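None of the values given here were measured: they were computed from a predicted structure.
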Amino acid sequence: MKKLLYVCLCLWVGIPCAMAQQEITQELQQKSIQYAALSDKIWQWAEPGYLEDKTANALIEELQAAGFQVQKGIGAMQTAFIATYGTGSPVIGILAEMDALPGLSQEAVPFRKAKFVNAYGHACGHNLFGVGSVAAAIATKNWMTKAHIKGTIRLIGTPAEEGAGGGKTYLVKEGIFKDVDAVLHWHPGDNNNASPNSSLAYRVANFSFTGLAAHASASPEKGRSALDAVEAMNYMVNLMREHISPETRIHYVIKNGGLTSNIVPDYAMVEYTIRNPTAQGLEEIWQRLLKTAEAAAHGTETKMSYEILAGLYNLLPNDILAKEMQKSLEKVGGVPYTPEEIAFAEKIRQTVNAQTLAPISSAQTVRPYTTDLAFPASTDVGDVSWVTPTAGLSTATWVPGVPAHSWQAVACNGMSIGHKGMMNAAQTIALTAQNLFKSPNLIEQAKEELYQRRGTKTFEYKSLAGDRKPPLDYRK
C-alpha cells in the first residue's frame, strides 16, 4: 500500500518517479529478445521504399496485439500507418522508419559477404529504427494504462525515407501532425548522442533536354545534341560553385546521355541534387540552377523540361525537447560489448577507410550535450520539425567508425550490437515520452521555441516537392 501511495504521489505532483521509470526500462529489457527477433526478420526482408509490405504488417501486428488502434494506407501510401492509444491531449508522436537501401545486401559478418547479388540491405538501420520505436510506444502505452495517464501516444509508420522517397513530406501535407504536440524519433549510428541538430534543405530534380538526331559523321549539321546541353549545364554549374556559400551542396549524375556515339543524341537527362542550410537559401540556388538549364538549352538549340522528384525542409532543432531526451539517454547509458562483440568490432574496423577511429569503448559512453550542431545531410524529419516540436537521438547500433549506408552498417544492424543500441533507443524514447506526459509545461515551452525558430506562430506548410504525389514506383 505504501509503495502504491508513493507511486501515485509521484505521478500526481509531476516529479520524476524512479520506480515508474524502472518499470519501463525493465519491461523493455525483458522483451529485448522478442524485439531483436522482429528486427532480424525485417533485416532479412530488406524491403525498399513504398514496398515495405511485410515490414509494415509485422509492425502493425505487434502494435495491434498491444492494444493500439491502427489506420493503414495513410496519405495514399500503402505502407504508411498510424497506431494510436489513448485520447485527448497531450498527443505524443513517435516516428518509425522502415525502408532499406539498394545494392547493399550483406550477411551479419565482419567481412564483405553479400547475401544476394545487387539486393537491398538495411544499411541505415531502419529495421532497428521501426522496431525500436514500436517497442517505445508499447512500453509508454503500458505505463499510461497502469498509471491512468490521460493523453494519446501515436506511432507513425513512415515509409521511403531514403533517396527521393520523402515519405514524411506527404504525411505532413496530409495534416497528420496538426494535432501532435511533440514528436520523438531516433536513428542508428556509431555513437550515443541526443544533442539537437540542424540539417540541410534538399531538392532533387531531373533535367531533360530534347534535340535532333542525325548521323554524327555524314550530317552532323542537321543534329542538335541533347548531350551537349547536359554538358553545357554541368559546366556552368561547376563554374557557379565558386560563387555559392560553402555550406551549399550540388551533386549531379547523367542518367541518359544517348544510345551510341554515331548518332547525335536527341535526348539526354541529368539528375541534380541541391542542398542548403535553409529552405529560402535552397530556393535561391534552385533559381540559379534553372537559369543554367535554360541557358544550356538556348545555346544548343534544344528544348528543356524538368521534374522535381523530392524536396525536404531543413531540420529545426528544439532545445527544450532535446534536453529531456539527453537526460533520458544518460539514465539509459551506452552500449557495452561482450568479448565476442569486441572481436567482431576489431575485425570490422579493419575494413573501414579512415585514418583515425574513436575507440571501441566509446560505444559505452554518452556524448556531452552540445548545441548548434549541423548535420551535413538531409532528412524528411525536417518537414515534421517545421509543424510540431521534434527531437531525436542516435544510439551506437554500429561499431564506432562504421559509416552509414555501408555494408559494415548492414552487418552491425543484423547482430547483437545493433540489437543493444535499438533497445537503448527504445528505453530513451519511452522515458522521454513519460516525462512529457507528466510535465505539460515542457510541451508548451517546446512550442514557443518552435515559433521562435520558425519566426512565426502561424505557419502554412508548402512542400518543397511542390504538388508531386508520392512516387510509389521510385524503387521499382
* Asked: For Ser416 and Glu341, does a side-chain donor sit closer than 3.5 Å to a side-chain acceptor?
  -> yes
* To do: Can you label the angle between the Tyr252 ring and the Tyr272 ring as parallel, tilted or perpendicular, going by 30° and 60°?
  => tilted
* Asked: Counting only N and O atoms by type, is there a donor-acceptor contact under 3.5 Å from the side chain of Trp386 to the main-chain atoms of Asn314?
  -> yes
* Structure fact -> To the nearest 0.5 Å, atom CD1 of Ile60 lies from atom CD of Gln71 at 11.0 Å
* Rounded to the nearest 0.5 Å, what's the gap from CG on Leu472 to OH on Tyr170? Could you check? => 9.0 Å
* Distance-only side-chain donor-acceptor flag, Tyr35 / Asp40, under 3.5 Å -> no
* Any salt bridge between Asp383 and Lys462, counting N to O under 4.0 Å? -> no
* Of all heavy-atom pairs between Leu28 and Ala135, which one has the smallest distance, and what is that distance? -> CD2-O, 3.5 Å
* Asked: Can you name the one residue among Gln44, Glu107, Gln106 that meets side chain to side chain donor-acceptor pair (under 3.5 Å) with Lys115?
  -> Gln44
* To do: Output the distance between atom CG (Leu315) and atom CG (Asp380), rounded to the nearest 0.5 Å.
  => 10.5 Å
* Asked: Ion pair present between Glu307 and Arg468, side-chain N to carboxylate O less than 4.0 angstrom?
  -> yes
* Are Asn276 and Thr248 linked by a side-chain donor-acceptor pair shorter than 3.5 Å? -> yes
* Assign the ring pair Phe129 / Trp186 to parallel, tilted or perpendicular, where the plane angle (0 to 90°) is split at 30° and 60°. => tilted
* Do Asp99 and His122 have side-chain N/O donor and acceptor atoms under 3.5 Å apart? -> no
* Salt bridge check: are Glu162 and Arg475 linked by an N-O gap of less than 4.0 Å? -> no
* To do: Could you tell me the separation between the CE atom of Met325 and the CG atom of Asn318, rounded to the nearest 0.5 Å?
  => 10.5 Å
* To do: Please test Met236 against Lys291 for side chain to side chain contact (heavy atoms under 4.5 Å, CB included), starting from the C-alpha separation and ending with a verdict.
  => CA-CA 10 Å; Met236 283 186 281; Lys291 289 178 182 178; over 6 Å; no
* Side-chain donor-acceptor pair present, Thr79, Glu52, cut-off under 3.5 Å -> yes
* **Any side-chain donor near an acceptor of the partner, Trp43 and Asn413, under 3.5 Å** => no
* Asked: Should Lys255 and Glu271 count as an ion pair when the cut-off is N to O under 4.0 Å?
  -> yes
* Asked: Hey, are Thr140 and Gln434 close enough side-chain-wise for a donor-acceptor pair under 3.5 Å?
  -> no
* To do: Please determine if Glu284 and Arg288 form a salt bridge, counting it only when a charged side-chain N lies under 4.0 Å from a carboxylate O.
  => no
* For the residue pair His187 and Trp398, categorise the inter-ring angle as parallel (less than 30°), tilted (30 to 60°) or perpendicular (more than 60°). => perpendicular
* Are more than 12 heavy atoms from other residues, nucleotides or ligands located less than 6.0 Å from atom CD of Gln280? -> no
* Scan side-chain atoms only and decide if Lys331 and Gln427 contain a donor-acceptor pair under the 3.5 Å cut-off. => no
* To do: Establish, from distance only, whether the side-chain atoms of Ser208 and Tyr267 form a donor-acceptor pair under 3.5 Å.
  => yes
* Structure fact -> CZ (Arg241) and CG (Asn238) are apart, to the nearest 0.5 Å, by 4.5 Å
* To do: Inspect the contact between Glu330 and Lys327 and indicate whether a charged nitrogen and a carboxylate oxygen are less than 4.0 angstrom apart.
  => no
* Asked: Parallel, tilted or perpendicular for Tyr313 and Phe459, by the 30°/60° rule?
  -> perpendicular
